[in-house]
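Right, one structure below, let's go through it.
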2 protein chains.
Amino acid sequence: MHRESALTNGATPRVGRGATLDAVAHEAGVSRATVSRVVNGSPKVSPEVRRQVERAVDRLGYVPNLAARSLVTRRSDSVGVVITEPTGRLFNDPFFPRLLRGISAELAARKLQLVLLMPETEPDEERLERYLLSGHVDGVILVSLHGDDPLPGDLLARGIPVVIGGRPATGIAASYVDVDNRDGARAAVRHLVSLGRRRIATLAGPLDMAVGSDRLEGYRDALAESGLPHDRRLEAHGEFTYESGASAMRRVIHAAPDVDAVFAASDLMAAGAMSVLRAAGRRVPEDVAVVGFDDSPLAVTTDPPLTSVRQPVEEMGGDLVRLLADAIDREIRTVRHVLLSTELVPRASSVAPAQSRDNAHGG
Amino acid sequence: MHRESALTNGATPRVGRGATLDAVAHEAGVSRATVSRVVNGSPKVSPEVRRQVERAVDRLGYVPNLAARSLVTRRSDSVGVVITEPTGRLFNDPFFPRLLRGISAELAARKLQLVLLMPETEPDEERLERYLLSGHVDGVILVSLHGDDPLPGDLLARGIPVVIGGRPATGIAASYVDVDNRDGARAAVRHLVSLGRRRIATLAGPLDMAVGSDRLEGYRDALAESGLPHDRRLEAHGEFTYESGASAMRRVIHAAPDVDAVFAASDLMAAGAMSVLRAAGRRVPEDVAVVGFDDSPLAVTTDPPLTSVRQPVEEMGGDLVRLLADAIDREIRTVRHVLLSTELVPRASSVAPAQSRDNAHGG
DNA sequence: ACTTGTCAAGAGAGCGATTTCACGCTCGGC
DNA sequence: GCCGAGCGTGAAATCGCTCTCTTGACAAGT
């Protein structure tokens, strides 16, 4: 009836600076080599010996020393995730938490560790490069890369596997995973067209980032395929932020007062646009329908809630890891690209005038 | 002669599987020990030799192998950051990006690496604990801890330094850094009182989290010190989310129709509340003033913009690292607590009726 | 002139794992 | 009844670095 603690049985677990392979070998009466085999699941160990060793491992609370292992295997079993984002999206959008979550989950499934690197200063960047180049990680995931960053090239040159989240602006010969921004934008604009809108404006993001130019291309695609004229006055540029969305909207209203729909390159821009529209006395969606991009939490809290394009961010994280793991494990050096499809999430900001007027209150 | 040919052929850096200490030693014509001293900045090296070695290091592109170093120093120079957050704040608030940024910056300044761990499943948690217990990190930062998590206790028992972000619900003998939520709430409610509001409601967060109960306490403090009666009908509970803020607001309006101000425990709840108020025909801030908490980006995009309480999240990250580093470097095992003060950011959602009516349009 | 002190530099012993290779042992085939 | 084959196990060689201890050179003290 007394509690049978594993501890009382003369089995004081060696806490503190852990037991070594050697200690376990002694305890189990075998050689280090055998213990190593058991720990690493080699099939070449007889069942009895295996059980012996496993008991000894438990008894001593043995956990392998990664440093020692990595010294000989030349593997660190960890991958670096580099996020170089000054501010921007980082704080206004749960993009990074979601991405990290996706990455982390897939990494965990493969028993890899995630080393997060967020360089901020110049010296940081230098140390970062040294760190990564020195093979202390088995591979690197690069997120939100600056156009001319030499990092991926340097890493690749040293034979360190690299994958990039988001299509890099310049043509680096590295694998990447990207959201199909162009197609997402196309779908958003098609949606507006299908609602009967004809004077559709876009508030585009920075064109030096793929995500910015892709969304603009998608907008143009959809207009073209719908036979709508391409009108420069309906295109304004900004920075993905609330304020820049607002000011872009002001410019559009001024240049093209007959605008009846807006496709914004981010939810934040869309929110800024809506506030400007309201101030200008335009009703959303009756007078002007609005669609954003990202499907951030913001989209649900605006008034009216914002139609937006959802990106599979977690999935992107998972794919990044899969690509990288292939490169590491199977030494696949082929450059591969993954394009993830988006999903339009319709909300009240883009309901057709007819619907919002008649249907909403049960016509 | 032969021996040198590979090396002296000048500038060819040994790319690929890096140069070793030994290689550098050869190149510079000194012993490994000397190279090690140079690399680690020991003062006991003559200037000429130092220069020699530094040149060799450059030439070979030498970077120390962390695994080998860590094997002998028993230091990994990395700290684990454990985030156990199912969903909640994680995706609706840039809390984690900001925190990670704060942590990362301070870590970088101390040349420590950040190993991010986000366990999601049960097996994840087990592996996590093994990983941390086995001394592969020098210390651990725990964020958004569940009330009854055994992890901090286990780690502490093994002598691994632990610091916690956010005051843990149960009384764990670990250092923590927290935002002074109670004081922040107090300030928010005082602000409402100073605006002449008398029927101030609160939409509280979950009480099983310190952050939830602290903010409620602060609310009560402020009412008490202002001599306002404590009225249960003015207290509704929710979950920090938009929807729960909305439904809590509905309950308050029903139970206390004369409510003239609301202090919500999060911006998200405040946003939910505002939409309900609007639907109920109450104007914000004229009829009901609203204050949120967190000063999330959301606060700027609501209509009207939301008065909120700003938390020094980056600073919190920095303090976490400082506390942890003290524990690691100086072996300080004293339990310490840091409480960071908040700042009220007034916006249009809480302007006094007099001001918003008379002043705004120039009385 | 001989000892003593100082300080730069080298030699070598680990750190804790993996892994190759060699070694007995047991079997089945002839 | 002898001989590889097959298989489990151990011995020992690394992996790349740190760090103590020792050595050697040179200057100064007596």
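Hydrogens, waters and symmetry mates are skipped; everything else that's a heavy atom, side chains included, is used. Order of the sequence lines sets the chain letters (A, B, ...), proteins ahead of strands, with each chain counted from 1.
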- Round to a whole Å and report the spacing from NZ of B:K44 to P of C:dA8.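 From B:K44 NZ to C:dA8 P: 5 Å.
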- Query: In whole angstroms, how far is the C1' atom of C:dC15 from the CZ atom of B:R75?
  - Reply: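 So the CZ-C1' distance, B:R75 to C:dC15, works out to 16 Å.
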- Message: Closer than 4.0 angstrom, basic N to acidic O: yes or no for B:R98 and B:E314?
- Response: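 B:E314 and B:R98: salt-bridged.
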- Message: According to side-chain contact (heavy atoms from CB on, under 4.5 Å), who are the partners of B:R69, at least two apart in sequence or on a separate chain?
- Response: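 side-chain contact (heavy atoms from CB on, under 4.5 Å) check on B:R69 returns B:V39, B:N40, B:P64, B:L66, B:T73.
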- Pairing residues for B:P312 by the side-chain contact (heavy atoms from CB on, under 4.5 Å) criterion, not counting sequence neighbours: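 Listed in chain order: B:V179, B:E315, B:L340.
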- Item | Under 4.0 Å protein heavy-atom contact, by nucleotide of nucleotides 18-28 of chain C - B base, S sugar-phosphate only | BB---------
- Message: Taking salt bridge (charged side-chain N to carboxylate O under 4.0 Å, His left out) as the cut-off, I'd like each qualifying pair that reaches into residues 163-176 of chain A, sequence neighbours left out, listed once.
- Response: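 Of all non-adjacent pairs touching residues 163-176 of chain A, those that pass salt bridge (charged side-chain N to carboxylate O under 4.0 Å, His left out) are A:R167-A:D214.
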Residues that [X] engages under salt bridge (Lys or Arg N to Asp or Glu O under 4.0 Å), provided they are two or more places apart:
X      : answer
B:R37  : none
A:R336 : A:D326
B:D77  : B:R75
A:D124 : none

Show me the donor-acceptor pairs, under 3.5 Å and distance only, between side chains in residues 47-56 of chain A and residues at least two apart or in other chains.
{"residue": "A:R50", "atom": "NH2", "partner": "A:S42", "partner atom": "O", "Å": "2.7"}

- Query: Could you give the angle between the helix axes at the two ends of the helix from C:dA1-D:dT30 to C:dC30-D:dG1, with five pairs per end, rounded to 10 degrees?
  - Reply: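 That helix has its two terminal axes inclined by roughly 50°.
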Identify all side-chain donor-acceptor contacts of residues 102-112 of chain B below 3.5 Å with residues at least two apart in sequence or on another chain.
{"residue": "B:S104", "atom": "OG", "partner": "A:M118", "partner atom": "O", "Å": "3.4"}
{"residue": "B:E106", "atom": "OE1", "partner": "B:R322", "partner atom": "NH1", "Å": "3.0"}
{"residue": "B:E106", "atom": "OE2", "partner": "B:R110", "partner atom": "NE", "Å": "3.1"}
{"residue": "B:E106", "atom": "OE2", "partner": "B:R110", "partner atom": "NH2", "Å": "3.3"}

- Query: If you walk 5' to 3' along DNA chain D, what is the first nucleotide with an atom under 4.0 Å of a heavy atom in chain A, and what is the last?
  - Reply: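 From 5' to 3', the first and last contacting nucleotides are D:dG8 to D:dG16.
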- Message: With nearest nucleotide decided by heavy atoms, which residue, B:L71 or B:G29, maps closer to the 5′ end of DNA chain C?
- Response: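 With B:L71 and B:G29 compared, the 5'-side residue is B:G29.
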